[in-house]
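Here the structure comes first, spelled out in structure tokens, and everything after it is commentary.
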Amino acid sequence: GVVICLEAKPDTILKRLLKDAEEGDNQEVRPLLKAPNPLKSIVELKAFRQPYYALSDWTVHTDDLTIEEAAEEVIHGWRYIGSKTRDRVPVSAVSDAGKSGAPYSEHTGAACVVRTETEYYPVFVGWGLLDQLGTQIQQAGVRGGVHIISDDNVFRFHGERTKKVLEDAGFVVDSFTVPSGERSKSFETATGIFDWLVQRRSERGDAIVALGGGVVGDLAGFVASTFLRGVPLVQVPTSLIGMVDSAIGGKVGVNHPQGKNLIGAFYQPRLVVADIQTLTTLPRRELISGWAEVIKHAMIRDPQLLELLENHTQELMELNEKVTAEAVAYSAAIKAGIVSEDEKELGLRTILNYGHTIAHGLETATGYGKFLHGEAVSIGMMGAAEISRQLELLAPEAVERQREVLSKFGLPAACSGVNLDSVLQAMHLDKKVKDGKVRWVLLSDVGQTVIRDDVPGEMAEKVIRGLIQS
Ligand code: NAD
């Protein structure tokens, strides 16, 4: 059957227990309340039981819900994982995933949910999931037509199959493809899609399915966020970066000639369906670049994921179904957990920028032509780890461990042929600079981040020089 966990924070549980005790008629005092410090006991008990709670299929956070609302949420969860999908997609869903990684189902699927203040949606991860896209979109409540937006590369491999699956589910489907590559993430391309949607007389209930990597996800998401003041969006990421990063969390947008991602919005999808089988057609360099983001998630949040990556590198590089599903699900759950806590990047979400301060400098200094994003992040992570070591926050062994895992995945730890001054200049212009200071995401251990804005400029410069010249 479907197991649904009704969760609450320790202080909510304590309040409820006290209320029960007050209202109860001659009830025996609950053993928990007899403890010298009931709140502490609840915290400990919860921590002890957490691995078991995490095995549930769906978690409902009941703190701010009435009984009726909680029941609604249970029904909502059941709809996603209930009778239809249950037989085909083994799914584990945890809304607070990401702290210790999502539990991985024995089979080929694993998932998490994103829960922001206003939105609640699942992320499905598994091998061959594209075949269930039609039913999943139906279950997400989409009743209108479906517009697939893709790029020519991705559509060539996966477009017709996606179309057929959706048509078989009864949707009226059409598609719009853009040239592959970052240049398509522009206002002009978006305008072309708006024109097409208007011409098709698209209506508010129609959904946009973003089938592709981060470029398509960001572009199609931007269109969905603004067309008719917002239409349903379904993210179907086909690149590894898309699956573990860009499709989750609702950042959508296009580039401006003056800078990347300058125009955009936070707009959450109705659901995310990551079919890892589609990665088999992803160019190898793109795949390797994607593993950098997975390694980043492990370094900032999850030693267990790091072990998985270290111990199964070969299988992951060969896209072994089971292990890849596990790693992608873990990584997606980490992103989902972080954005659930901080949708608009006001706090915690910053830790996702680990390695990105230097990466943006490298990318900008080289006109976004030399490195794939993950490659720049890989070098940037080595820089951030080295700064952490020099500040005596991080043990040298952890820096070496990171270097080794990056190298096992064929990712660079350093580079040549880049102008140091251009990198430094780009970094001071970087949008992550707040009040004139660079905010560094550093590590104090694997899975533990520290934000610092007092890294001496000379130290940073020396570390970056070492990365570029070595
Ligand atoms: P991309 O979308 O350009 O995809 C990389 C290349 O792989 C493209 O040529 C694409 O056609 C091809 N491709 C994708 N899937 C394929 C498949 N299954 N088979 C064959 N070819 C395939 O780039 P990306 O690396 O996926 O994403 C990078 C973009 O994502 C950037 O624009 C970045 O700004 C954005 N991004 C956004 C977020 C966010 O939170 N919104 C996060 C990270 C990155």
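When a ligand or atom number is given, it counts from 1 through the structure's own listing order.
E117 pairs by the side-chain contact (heavy atoms from CB on, under 4.5 Å) definition with nothing, not counting sequence neighbours. Remark: F176 pairs with W196 by the ring pair (Phe, Tyr, Trp, His ring centres under 6.0 Å) rule, at least two apart or across chains. When the side-chain hydrogen bond (donor to acceptor under 3.5 Å, both in side chains) test is applied to R143, no partner is found at least two apart in sequence or on another chain.
Taking OG1 from T116 and CD from E343, the interatomic distance works out to 4.0 Å, rounded to the nearest 0.5 Å. To the nearest 0.5 Å, the span separating OH on Y121 from CD on Q235 amounts to 8.5 Å.
In this structure a side-chain-to-backbone donor-acceptor pair under 3.5 Å is missing from T324 to E321.
Near ligand 1, residues D151, N153, V154, F157, H158, S180, E182, K185, G213, G214, V215, D218, T238, S239, I241, D245, S246, K251, K260, N261, T278, T281, L282, P283, E286, K335 each place a heavy atom inside the 4.0 Å sphere around the ligand atoms.
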